[in-house]
Amino acid sequence: MIILPHLVKGMRDRTALEIYRRNYIISTIQSIYACYGFEPLETPALESRATLTGKYGAEGEQLIFSVLKSGDFTKEVEQKIPLTDYKRIKPYITDKGLRYDLTVPLVRYIAANQQLLTFPFRRYQIQPVWRADRPQKGRYREFLQCDTDIIGSSSLLCEAEILKLIYDILVKLGLQHFCIKINHRGILTAISGAEASSEREKIFCTTVDKLEKIGLEKTIATLSSKGFSEQSLQLLTSFSDPKGGNMPLLAQLDHTIGCTASGAKAIGELTEVITQAGRLGLPDGCWAIQPTLARGLAYYTGMVIEITIKDSQIGSIGGGGRYDQLGSLFGIENLCGIGFSFGIDRLYDSMESQGLFNGISASVTDILLINMDAKAESQLLALLSRLRTYGFKAEVYPDRTKLKRQFVYADKKKIPFVVIVGEEELSTNCYSLKNMQTGLQNSYNWPELCQALETSLNIK
RNA sequence: GUGAAUGUAGCUCAGUUGGUUAGAGUAUUGGUUUGUGGUACCAAAGGUCGCGGGUUCGAAUCCCGUCUUUCACCCCA
């Protein structure tokens, strides 16, 4: 019976080229983290059901991949629940699931290791997460996230540092046309006029979050039907398409909602964050205040940010914000923090469409040694070893087959140099070196061979 | 989870109102070339037409179901 080699829905294999490119992104990011004093953390792919549930809302929870219990759980289920009741059966047959994001595992980790950690705790985490979403352009069921968090400080300097960190990473990767969109939940609270009701505020945020997608008119209509005041709608309209730059916009915000408690706080905080970020070297022009930016996740309490790329089909390549109550779910009160997450796969897609991987090829081998003559074998293997010791990336073709096949192999793998040791070379005591790009071939002794390879390959 | 499109050789795609043995390009293998790759020429091999059922004398083609991929919604990185 032949098993069809199908991939599981939404899952992807990665080729050598993709891995080299992704590793380049990751190592670039890591070098920036090191400069900022962030430490790496890794957590397991599986978390307990208790950890995962109740954190992402009803829709989010549906997207968690559940893993069956290991033992025989059938009897317990049979006795307690009718087999037709899928939703009630689930807790009895599954007790763990694949992680849905990196923030919840982080908070779980902190809750368990509070005494061991030094606060403020700065960590980054680069690991895959899984969501049982329907795959689409830029949307995968398994994707690599890169989370950055500073836990245990309410200082606005953290916000400023995160902004500059994001900027440094994107600049070092060479990404063009990115924009860091910035807002504050307090601004939305003030516009919504729902200071007293966090429930109303949530409704307002999730509706406004879709503004860019469904347009202003539909958003206004939806909000109106949900009973938000004429004044709120007018305010929202006036900020929906901001022009004239960030500072005039802040002044306009101050003028209109500066009189409300949440508005004044938000504007004050944003102003300070921006000032601090400027002192850290964040240039104007790479960020923009967007008063309608809400972000879907409910737990944000302060600044929220999102990275978008101009004229890009995929959504944001990253987002985050300040949260103040996340720890309470694990029994820690007043655990405040700020977090940001890059979608590495989307970053990859953006970089690819901007042609930023041109220097990175899949070839690892610089020199192929042709295997052609049994008499030359000891000479050949000694050469292979010497080349590697010297620091060249070399391999020998394992089978003693016809030369054509071996040259085709070098050609396909884009190996730039081929060395031949055969009867002719043995008799003249030299090596033949062929440049596969120019097609030129010359004879060298060992020092000459090293020199020729060194200059061509730009080693050392 | 809701709605739509798609599936033919390893890959990209043709395939007439349902009618003989399902084609092309490219890739593969062999040869022209047993000490030399890219180009060219010659030849060969490669398909349960996604899968299952139905209609029909006859189905890649029509109908139903199912799965895959893609797109939109929901939501998000």
Side-chain angles (χ1 to χ4, degrees), chain A residues 1-2 4-12 56-64 86-87 99-103 125-148 166 205-207 209-210 212-214 218 294-298 304-309 312-320 339-350 368-373 376 397 400-427 432-441 443:
Chain A
M1 166 108 177
I2 296 165
L4 291 174
H6 277 308
L7 283 168
V8 170
K9 189 192 190 80
M11 302 289 158
R12 300 172 298 166
Y56 309 109
E59 290 100 352
E61 205 149 309
Q62 246 183 350
L63 303 181
I64 296 172
Y86 154 78
K87 279 186 181 166
R99 75 167 96 79
Y100 179 90
D101 69 358
L102 300 177
T103 306
Q125 186 169 357
I126 302 174
Q127 284 191 282
V129 301
W130 293 269
R131 295 182 191 176
D133 214 339
R134 286 240 185 138
Q136 242 178 83
K137 185 84 181 169
R139 172 178 301 186
Y140 310 105
R141 286 188 143 190
E142 177 184 55
F143 58 97
L144 196 62
Q145 271 199 330
C146 169
D147 260 40
T148 318
I166 292 166
C205 282
T206 50
T207 310
D209 197 45
K210 285 155 203 154
E212 217 161 322
K213 208 159 204 174
I214 65 172
K218 280 186 186 171
R295 295 192 51 76
L297 292 174
V304 288
I305 49 177
E306 199 162 275
I307 316 284
T308 54
I309 303 214
S312 170
Q313 287 190 326
I314 54 177
S316 67
I317 58 165
F340 175 80
S341 183
F342 272 121
I344 303 273
D345 296 270
R346 286 186 175 179
L347 202 52
Y348 182 105
D349 293 344
S350 305
L368 177 74
L369 305 197
I370 297 288
N371 191 350
M372 63 184 296
D373 196 329
Y397 197 87
R400 200 172 294 133
T401 55
K402 55 176 67 177
L403 293 202
K404 183 186 170 96
R405 182 176 293 280
Q406 302 192 38
F407 273 87
V408 167
Y409 174 81
D411 190 47
K412 279 191 178 165
K413 279 191 75 177
K414 295 192 164 51
I415 297 172
F417 289 97
V418 167
V419 170
I420 303 159
V421 186
E423 215 164 332
E424 284 176 25
E425 286 75 13
L426 283 179
S427 64
S432 292
L433 176 69
K434 177 163 182 172
N435 182 323
M436 292 296 280
Q437 275 165 330
T438 62
L440 296 174
Q441 187 170 322
S443 289

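Every chain is numbered from 1, with letters handed out A, B, ... down the list of sequences.
A sub-4.0 Å separation between OP1 or OP2 of U69(B) and a side-chain N or O of Lys9(A) is present. Taking only side-chain nitrogens and oxygens, Gln136(A) comes nearer than 4.0 Å to OP1 or OP2 of A72(B). Side-chain nitrogen and oxygen atoms of Lys402(A) include none within less than 4.0 Å of the OP1 or OP2 phosphate oxygen of U34(B). Of the side-chain N and O atoms in Arg405(A), one or more sit less than 4.0 angstrom from OP1 or OP2 of G30(B).
Among G37(B), G35(B), G1(B), the nucleotide with an atom closest to any side-chain atom of Val408(A) is G37(B). Closest to the Glu424(A) side chain, of the nucleotides G38(B), G35(B), U70(B), is G35(B). The side chain of Arg134(A) lies closest to G1(B), out of G1(B), C76(B), G35(B).
Nucleotides G7(B) and A60(B) are separated by 15 Å at their P atoms, to the nearest Å. The C1' atoms of U70(B) and U6(B) are separated by 7 Å, rounded to the nearest whole Å. The C1' atoms of A9(B) and G15(B) are separated by 14 Å, rounded to the nearest whole Å. As rounded to the nearest Å, U69(B) and C11(B) have P atoms that lie 15 Å from one another. For the P atoms, the distance linking C13(B) with U8(B) amounts to 9 Å, nearest Å. Nucleotides U61(B) and C41(B), compared at atom C1', are 38 Å apart to the nearest Å. A distance of about 32 Å separates the P atoms of U28(B) and G52(B), rounded to the whole Å. U39(B) and U29(B) have their P atoms separated by 14 Å, with the value rounded to a whole Å.
With hydrogens and angles ignored, a donor-acceptor pair closer than 3.5 Å exists between the side chain of Lys434(A) and the base of G37(B). Counting atom types as modelled, Gln406(A) pairs no side-chain N or O with a base atom of U36(B) as donor and acceptor under 3.5 Å. Residue side chain Gln437(A) does not reach the base of G38(B) through any donor-acceptor N/O pair under 3.5 Å, judged by distance alone. Contact annotation: side chain of Lys404(A) to base of U36(B), donor-acceptor pair absent below 3.5 Å. Below the 3.5 angstrom threshold, one finds no donor paired with an acceptor across the side chain of Arg139(A) and the base of A77(B).
Considering only heavy atoms from C-beta on, Ile307(A) stays 4.5 Å or farther from Ser316(A) through its side chain. Contact check for Val8(A) versus Glu142(A): no side-chain heavy atoms found under the 4.5 Å cut-off. Within the 4.5 Å cutoff, side-chain heavy atoms of Phe417(A) are placed close to those of Asn435(A). Between Ile126(A) and Leu144(A), the closest side-chain pair of non-hydrogen atoms falls below 4.5 Å. Arg131(A) has its side chain within reach of Tyr100(A): a pair of non-hydrogen atoms, C-beta onward, lies under 4.5 Å apart.
If you measure from atom CG of Asn435(A) to atom C1' of G38(B), you get 13 Å, rounded to the nearest angstrom. Rounded to a whole Å, the CD atom of Gln62(A) is 13 Å from the P atom of C76(B). In this entry the distance linking CG of Asp349(A) with P of C76(B) reads 20 Å, nearest Å. Distance, Leu63(A) CG to A77(B) P: 12 Å, rounded to whole Å. Distance, Met436(A) CE to G38(B) P: 9 Å, rounded to whole Å. Between the CG atom of Leu403(A) and the C1' atom of G35(B) there is a distance of 5 Å, given to the nearest Å. Computed from coordinates, the Phe340(A) CZ to C76(B) P distance equals 16 Å when rounded to whole Å. When rounded to the nearest whole Å, the span between CZ of Phe143(A) and C1' of C75(B) equals 11 Å.
Per the stacking criterion (ring centres < 5.5 Å, plane angle < 30°), Phe342(A) does not stack onto the base of A77(B).
Between Tyr397(A) and Tyr409(A), the two ring planes are perpendicular [angle over 60°; tilted spans 30° to 60°].
Backbone-only engagement by Gly10(A) is indicated by non-hydrogen atom pairs under 4.0 Å involving sugar-phosphate atoms exclusively. No engagement by Gly60(A) is indicated, since no non-hydrogen atom pair under 4.0 Å with the nucleic acid exists. Heavy atoms of Ile344(A) sit nowhere under 4.0 angstrom from any nucleic acid atom. The residue Asp133(A) sits close to a base: some heavy atom pair falls under 4.0 Å. Gly319(A) comes within 4.0 angstrom of sugar-phosphate atoms only, judged by non-hydrogen atoms across all strands, and of no base. Glu61(A) comes within 4.0 angstrom of no nucleic acid atom, judged by non-hydrogen atoms across all strands. Residue-level contact check: Tyr140(A) touches the bases, meaning some heavy atom is under 4.0 Å from a base atom.
Nucleotide G52(B): paired with C64(B) (Watson-Crick or G-U wobble, both distances less than 3.5 Å). Nucleotide C71(B) is matched to G3(B) when pairs are restricted to Watson-Crick or G-U wobble geometry with both distances under 3.5 angstrom. As the counterpart of G37(B), no nucleotide is assigned, since no Watson-Crick or G-U wobble pattern has both distances under 3.5 Å.
Within a 6.0 Å sphere centred on CD of Glu61(A), other residues, nucleotides and ligands contribute more than 12 heavy atoms.
For Gln406(A) (side chain) and Asn371(A) (main-chain N/O), a donor-acceptor pair under 3.5 Å exists by modelled atom type.
Taking for each of Val8(A) and Arg141(A) the nucleotide of RNA chain B with the nearest heavy atom, the 5'-most of the two is the partner of Val8(A).
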